[in-house]
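Below is one structure, written out as structure tokens; the observations come after it.
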Amino acid sequence: MMIAFSRFRFLLPCVLLAVVAGCESEDAAEPAPDHLALGNPSGATADVNQPTNYLLTKPQYILSYHRDRGIPNWVSWHLSTEWLGSAARQDDFRADASLPTGWYQAQSSSYTGSGFDRGHNCPSADRTKTVADNSATFLMTNMIPQAPNNNQQAWGDLEEYCRTLAKVGNELYIIMGQYGTGGTGSNGTKSTLDNGRITVPKRIWKVIVVLPEGSDDASRVNSSTRIIAVDTPNNNSLNTDWASYRTTVDAIEAATGYDLLSAVPVAMQRTLESRVDAGPTQ
DNA sequence: CTGAGCGCC
DNA sequence: GGCGCTCAG
């Protein structure tokens with residue numbers, strides 16, 4: 001609900017960036033890395049002594065990594081037409097060498113034969129402006145063991161819908177995460193992969209804040225801002241209609257212990273986080 | 001039916 | 001690089 005930034009009357013992404021990532025990319029060629037503009041859900045920091053909530057920052061997205069689960073806690077990114085172009089899907093799944101020395105690194109092959117997909121958090125198709133941007137989405141720190149029908153159907157459709165919203169003139173702030181242990185893929189139920197080094201999450205959630213493009217950052221979140229929150233089972237027999245899993249941000253906070261959208265004024269959070277989206281789904 | 005997007009081997 | 005699946009147009 002609240003915490004550090006509640007005293008700001010309006011959204012101040014640049015101020016937040018100054019705190020978490022530095023703020024001087026106004027005229028960089030790449031879009032500014034404002035992936036945490038709405039807050040840091042778990043207070044992650046780039047501190048090797050916090051291996052279960054380790055902040056990993058990249059130009060294309062930002063995430064909290066859990067060393068002992070071998071997967072991210074959550075991944076956050078910004079989506080608008082600035083990120084969309086014609087770069088081909090790179091398919092270069094690979095270990096993330098940027099993890100601290102000595103930490104386990106999931107390999108491209110670590111999920112093979114498990115019955116779970118290497119499911120993207122930040123999707124490949126959300127990062128097609130440059131080859132480098134697309135390639136970055138294939139780092140294994142951006143992946144989770146995801147039931148194929150969850151990934152390729154329910155989740156794929158939701159991701160496609162997000163891009164549709166971006167292409168018609170919206171900017172989206174997206175946070176995806178996972179919690180719990182144990183899922184059912186195409187090869188049965190599993191708790192872990194790779195000899196216990198990768199945890200199969202039980203639930204996979206996403207919170208999408210839809211903002212109109214072009215208006216001033218400072219006043220864009222208001223009581224009519226659309227927020228889509230979903231929480232799905234990591235089970236291959238799920239309902240493939242993602243809309244059937246719509247829920248509230250409050251419910252996801254209760255399940256995860258995170259503080260989502262903490263950069264939004266508290267009163268606004270109260271209004272928005274208790275609402276279940278009822279908008280169109282395609 | 002084709003193309004896009006998610007994957008697998 | 002080929003193949004399968006689902007979905008939208």
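Every value quoted in this text rests on a predicted model; they were computed, and no experiment measured them. Order of the sequence lines fixes the chain letters, A, B, ..., with proteins taken first and strands second; residue numbering starts at 1 for each chain. What you see below is based on every heavy atom in this structure, not just the backbone, and it leaves out hydrogens, waters and symmetry mates.
Looking at heavy atoms from C-beta onward, A/Ser262 lies out of side-chain contact with A/Asn40 at the 4.5 angstrom threshold. At least one side-chain heavy atom of A/Tyr179 sits less than 4.5 Å from a side-chain heavy atom of A/Asp231.
Side-chain contact annotation: A/Lys58 with A/Thr141, donor-acceptor N/O pair under 3.5 Å absent. Side-chain N/O atoms of A/Asn234 and A/Gln178 include no donor and acceptor closer than 3.5 Å.
Between A/Arg89 and B/dG7 there is a side-chain polar atom (N or O) within less than 4.0 angstrom of OP1 or OP2. For the pair A/Arg118 and B/dC8, the criterion of a side-chain N or O lying under 4.0 Å from OP1 or OP2 is met. Contact between the side-chain N/O atoms of A/Asn151 and the OP1/OP2 oxygens of B/dG7 is found at a separation under 4.0 Å. In this structure, A/His120 does not reach the B/dG5 phosphate: none of its side-chain N or O atoms is under 4.0 Å from OP1 or OP2. Of the side-chain N and O atoms in A/Gln282, one or more sit less than 4.0 angstrom from OP1 or OP2 of C/dA8.
Distance A/Glu160 CD to B/dA4 P: 11 Å, rounded to the nearest Å. Note: CD1 (A/Ile144) to P (B/dC6) measures 14 Å, nearest angstrom. Taking atom CG on A/Asn149 and atom C1' on B/dG7, their separation rounds to 11 Å, with Å as the unit. In this structure, A/Asn236 atom CG and B/dG7 atom P are separated by 14 Å, rounded to whole Å. In this structure, CG of A/Leu158 is placed 19 Å from P of C/dT6, rounded to the nearest angstrom. As a whole-Å value, the separation of A/Asp157 CG from C/dG9 C1' is 15 Å. Distance, A/Asn187 CG to B/dG7 P: 18 Å, rounded to whole Å. Rounded to whole Å, the distance from NZ on A/Lys167 to P on C/dG9 is 11 Å.
As judged by a 4.0 angstrom heavy-atom cut-off over every strand, A/Phe116 is placed among residues touching the sugar-phosphate backbone only. No contact: A/Gly115 has no heavy atom under 4.0 Å from any strand. At the heavy-atom level, A/Asp91 lies nowhere under 4.0 Å from the strands shown.
Of the listed nucleotides (C/dT6, B/dG7, B/dG5), C/dT6 has the atom at the smallest distance from the side chain of A/Gln153. Closest to the side chain of A/Thr240, from the set C/dC7, B/dG7, B/dG5, is C/dC7. Nearest nucleotide to the A/Ala125 side chain, out of B/dG7, B/dG5, B/dC8: B/dG5.
Ring centers of A/His35 and A/Trp83: under 6.0 Å apart, within the cut-off.
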